Amino acid sequence: MTDLHALQGPVVMGILNVTPDSFSDGGRYADRDAAVAHGVAMRADGAALVDVGGESTRPGAARVDAEEESRRVLPVIRELAAAGVLVSIDTTRASVAAAAIAAGAVAVNDVSGGLADPEMAKVVAAEGVPWVLMHWRGHSQRMQQLAVYGDVVAEVRAELSRRVDDALAAGVAADKIIIDPGLGFAKDAAHNWELTRHLGALLSLGFPLLFASSRKSYLGSLLAGPDGTPRPAGGQRDAATVATSVLAVAAGAWGVRVHQVRDTVDAIAVWKASGAPRLRETA
Ligand code: PMM
């Protein structure tokens with residue numbers, strides 16, 4: 001099985017949402033051929049992994065059923081795998097993860113960190129694939145109500161630590177676990193920035209960390225116009241995405257998850273060439 005931890009880091013994961021409604025690229029890659037072509041292009045741009053998702057997780061998004069989710073992602077995963085692209089499946093459902101692995105996916109990216117589906121840990125343990133455990137407090141419809149913290153860094157760290165313990169107890173190997181702070185998931189802009197400033201506290205759990213700021217709404221707020229209108233998603237938050245991704249890598253993140261791969265790969269090349277030390281080594 002692919003050893004993601006052995007990939008030459010920092011790893012850039014390219015986002016491929018095969019959904020009609022994702023917040024920044026919704027609809028663009030709902031067509032199978034367009035989706036496959038985009039995945040192949042992201043690999044050519046330097047993505048070590050392409051993260052295929054069939055259910056939008058934007059705040060307030062309605063859920064799709066497992067059949068529809070599978071119908072969207074499986075043909076795309078099959079074709080990308082056949083083209084030699086390393087694919088992760090972005091799902092909270094064990095049945096979709098299992099089908100995606102059978103179709104050629106080499107890793108599971110679970111925004112619920114195993115909470116949404118009790119079967120997920122069993123599938124991941126049995127398949128022996130890497131598993132991204134993201135910090136999560138509830139599905140999209142209600143997640144912004146759950147953005148309440150006394151100390152966001154300490155609470156996210158403690159909740160992620162519990163997700164890791166549950167994964168290990170279910171038989172998932174420690175060297176298959178990757179953690180993710182889950183920017184924007186039950187977090188407001190101030191929470192996202194606080195977590196970005198304190199990635200070291202999360203890295204001290206001892207696992208590789210994936211950082212996923214790409215085109216998120218807190219960057220739209222940061223870049224709001226003079227009248228306070230947030231900068232729209234699409235390509236207009238990509239420079240801010242690159243900047244936050246490089247900050248994360250410099251702080252010790254193992255990888256970053258982005259829509260626009262090439263600029264992030266270029267920026268990481270600059271960071272590497274500069275010889276600037278990592279503030280903390282990746283676990
Ligand atoms: N964010 C989205 C979807 N999947 N997966 C991980 N591991 N971390 C994230 O922060 C994350 C994710 C949000 O939607 P998008 O696919 O449009 O970025």
Side-chain angles (χ1 to χ4, degrees), residues 4 11-30 35 38-39 42 47 49-61 63-64 69 72-73 76 87-93 96-97 100 105 107-116 120 124 129-137 139-140 143-144 147 156 160 163 167 177-189 191-192 195-196 199 202 207-220 232-235 237-238 240-241 244-245 248 253-261 264:
L4 291 189
V11 165
V12 176
M13 177 192 266
I15 301 171
L16 186 54
N17 287 319
V18 194
T19 57
D21 59 348
S22 266
F23 76 90
S24 78
D25 56 359
R28 281 186 69 188
Y29 306 116
H38 186 59
M42 287 196 288
L49 265 175
V50 169
D51 190 40
V52 177
E55 181 178 39
S56 172
T57 50
R58 78 185 148 76
R63 299 213 64 195
V64 296
E69 193 184 344
R72 292 176 182 179
V73 295
V76 173
V87 172
S88 54
I89 172 67
D90 184 347
T91 187
T92 60
R93 290 188 169 113
V96 176
V108 174
N109 173 27
D110 178 355
V111 299
S112 83
L115 282 175
M120 184 66 99
V124 172
V129 293
W131 190 13
V132 178
L133 295 172
M134 197 194 81
H135 177 262
W136 183 87
R137 284 185 164 181
H139 284 289
S140 305
M143 70 181 174
Q144 291 319 107
V156 168
L160 273 177
R163 300 284 63 78
I177 293 174
I178 296 158
I179 58 171
D180 181 331
L183 302 181
F185 286 80
K187 284 155 207 100
D188 63 22
H191 298 138
N192 293 338
L195 287 163
T196 303
L199 289 183
L202 305 181
F207 295 92
L209 183 143
L210 180 69
F211 183 88
S213 62
S214 194
R215 299 183 179 173
K216 288 194 170 165
S217 64
Y218 77 112
L219 300 179
R237 299 177 187 168
D238 285 345
T241 298
T244 49
S245 297
W254 163 85
V256 293
R257 178 182 179 277
V258 297
H259 296 86
Q260 210 285 81
V261 168
T264 302

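Throughout, residue positions are numbered sequentially from 1 according to the sequence presented. This is a predicted model, so every value here is computed, not measured. Read the numbers this way: they start at 1 and go in the same order the structure lists the ligands and their atoms.
- Using a 4.0 Å cut-off between charged nitrogen and carboxylate oxygen, Asp110 and Arg163 do not count as a salt-bridge pair.
- Near Asn17, meaning under 4.0 Å from one of its heavy atoms, ligand 1 places the atoms 15 (P), 16 (O), 17 (O).
- On a distance-only criterion, Asp180 and ligand 1 share at least one N/O pair closer than 3.5 Å.
- Under a 3.5 Å cut-off, the side chain of Arg215 and the backbone N or O of Gly234 do form a donor-acceptor pair.
- Within the set Lys187, Arg257, Lys216, the minimum heavy-atom distance to atom 12 (C) of ligand 1 is found for Arg257.
- Every residue two or more places apart in sequence or in another chain was checked for a ring pair (Phe, Tyr, Trp, His ring centres under 6.0 Å) with Trp131, and none qualifies.
- Counting atoms of ligand 1 from 1 in the listed order, those under 4.0 Å from a heavy atom of His259 are 17 (O), 18 (O).
- Less than 4.0 angstrom separates some heavy atom of Val111 from each of these atoms of ligand 1: 4 (N), 5 (N), 12 (C).
- None of Asp180, Asp90, Thr241 except one satisfies the side chain to side chain donor-acceptor pair (under 3.5 Å) rule with Arg257; the exception is Asp90.
- Among the atoms of Asn109, some N or O lies under 3.5 angstrom from an N or O of ligand 1.
- Checking side-chain atoms of Lys187 against main-chain N and O of Phe185 turns up a donor-acceptor pair under 3.5 Å.
- Atoms of ligand 1 lying under 4.0 Å from at least one heavy atom of Val132, given by number and element, are 7 (N).
- Numbered from 1 in the order shown, with element, the atoms of ligand 1 that lie under 4.0 Å from a heavy atom of Ala212 read 8 (N), 9 (C), 10 (O).
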- In sequence, state the C-alpha distance, the side-chain angles, and the governing distance for Glu69 and Thr91, and then conclude on side-chain hydrogen bond (donor to acceptor under 3.5 Å, both in side chains). CA-CA 9 Å; Glu69 193 184 344; Thr91 187; 2.6 Å; yes

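- Every atom of ligand 1 with a heavy atom of Leu210 under 4.0 Å away is listed here by number and element: 7 (N).
- Note that CG of Leu210 and CE of Met134 are 10.0 Å apart. Values are rounded to the nearest 0.5 Å.
- In Arg215, neither the side chain nor the backbone holds a heavy atom less than 4.0 Å from any atom of ligand 1.
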